[in-house]
Amino acid sequence: MTISGTLWRTLILFVILHLGALVGIFSTVAPVFDTGLPQDVTVILWVTALICGGMAGTVLAIKKNIDVPLIITFTWCEGWFLGGFATYFEGIYPGIILQAAFAVLSTVVAFLPLFAIKSVRAIHSKIQILLVILGGCFVFILHNLTLMGFDFLPAHIPWGKGAPTVVYVPIGLMIAFLVILMSAYVLVITYKRIENDVYRGFPRKHAWNNAFKVMITIIWYYVEAPKAIANTVMNKRNLFDWKPKKSQKL
């Protein structure tokens, strides 16, 4: 197993994830194009994809051997789920879910080409995290600039304008920045584990397993980060109203 081979396999799964996400997006909003009624947006297909992906992931966790077709199936199903999930909840919590999704994907887009460079892989991990953060922010900006170029999209979608604001800054942008920070850190840590597997002489096929771990990282942040923020918005909590608990005397 080599680092470059693992990165290439991660890229392949990342492309499959994107294609599945596109299918999830269009399948979720398909009824809208037919009837013009927003309430007809369906959740059945992406929930079904979640169940299928969960079953594939469970089998992968149980099996001792690496099953490449099953990894690809899991990635496709989870991409379908994530695309539908983001599309559906963007309509409920505009400006939050989509920005958090862009943050995760932008970080991965920055991570893969950076770590394909040997000189980047050789530097200190703190500098690697900083480079991934900067690259993720750059790609994130490109994502939003691209959205601004689509006239048929609602004006509140780019830059999370449809979300509540804190000090005139959309909460979606604040969350996106935090997600980029966390994703960059976890991806670099994941790379270090991959590097250890390479030094330990794992077989070439094990690269698929490491690429699968990166997909798990993407999916976790894609779902958990926006869900936590949505709960915060729904409960109307003040992000700056926090007091430490008093220490209890023994």
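All values below come from the heavy atoms of this structure, side chains included, with hydrogens, waters and symmetry mates left out.
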Nearest non-hydrogen partners of [X] and [Y], listed with the distance:
| X | Y | value |
| --- | --- | --- |
| A176 | A103 | O-CB, 3.4 Å |
| S106 | G136 | CB-O, 3.4 Å |
| L45 | W80 | CB-NE1, 4.1 Å |
| A184 | T107 | N-CG2, 3.6 Å |

Quick one: does [X]'s side chain get under 4.5 Å of [Y]'s, heavy atoms only?
| X | Y | value |
| --- | --- | --- |
| I51 | M55 | yes |
| V186 | T190 | yes |
| W159 | V169 | no |
| F138 | L134 | no |
| W208 | L13 | yes |
| Y185 | I189 | yes |

- Message: Go through it in stages, so that I can follow the logic: the residues are N144 and Q99, the test is side-chain contact (heavy atoms from CB on, under 4.5 Å), and I'd like the CA-CA distance, side-chain angles, deciding distance and then a yes or no.
- Response: CA-CA 9 Å; N144 280 283; Q99 294 299 319; 2.9 Å; yes
- Item | Shared hydrophobic cluster, V167 / M174 (ILVMFWY, side-chain heavy atoms < 4.5 Å) | yes
Measuring from atom [atom1] of [X] to atom [atom2] of [Y], what distance do you get when rounded to the nearest 0.5 angstrom?
| X | Y | atom1 | atom2 | result |
| --- | --- | --- | --- | --- |
| F74 | L17 | CZ | CG | 9.0 Å |
| T75 | L82 | OG1 | CG | 10.5 Å |
| Y88 | I97 | OH | CD1 | 12.0 Å |
| L7 | I117 | CG | CD1 | 11.0 Å |
| I3 | N210 | CD1 | CG | 10.0 Å |
| F111 | T10 | CZ | OG1 | 7.0 Å |

- Query: How are the rings of W46 and F81 set relative to one another: parallel (under 30°), tilted (30 to 60°) or perpendicular (over 60°)?
  - Reply: tilted
- For residues 67-85, pull every pair meeting salt bridge (Lys or Arg N to Asp or Glu O under 4.0 Å), keeping only residues two or more places apart or in separate chains. K63-D67
Name every donor-acceptor pair, under 3.5 Å, that has one atom in a side chain of residues 124-132 and the other anywhere in the protein, sequence neighbours excluded.
from : atom 1 : to   : atom 2 : distance (Å)
H124 : ND1    : K126 : N      : 3.1
Q128 : OE1    : K192 : NZ     : 3.4
Q128 : NE2    : V120 : O      : 2.9
Q128 : NE2    : R121 : O      : 3.2
Q128 : NE2    : I123 : O      : 3.3

- Note on the structure: ring-ring contact (aromatic ring centres under 6.0 Å, His included) filter on F140, not counting sequence neighbours, yields none
- Task: Could you go through the side-chain contact (heavy atoms from CB on, under 4.5 Å) check for V188 and F115 one step at a time?
- Result: CA-CA 9 Å; V188 172; F115 277 78; 3.9 Å; yes
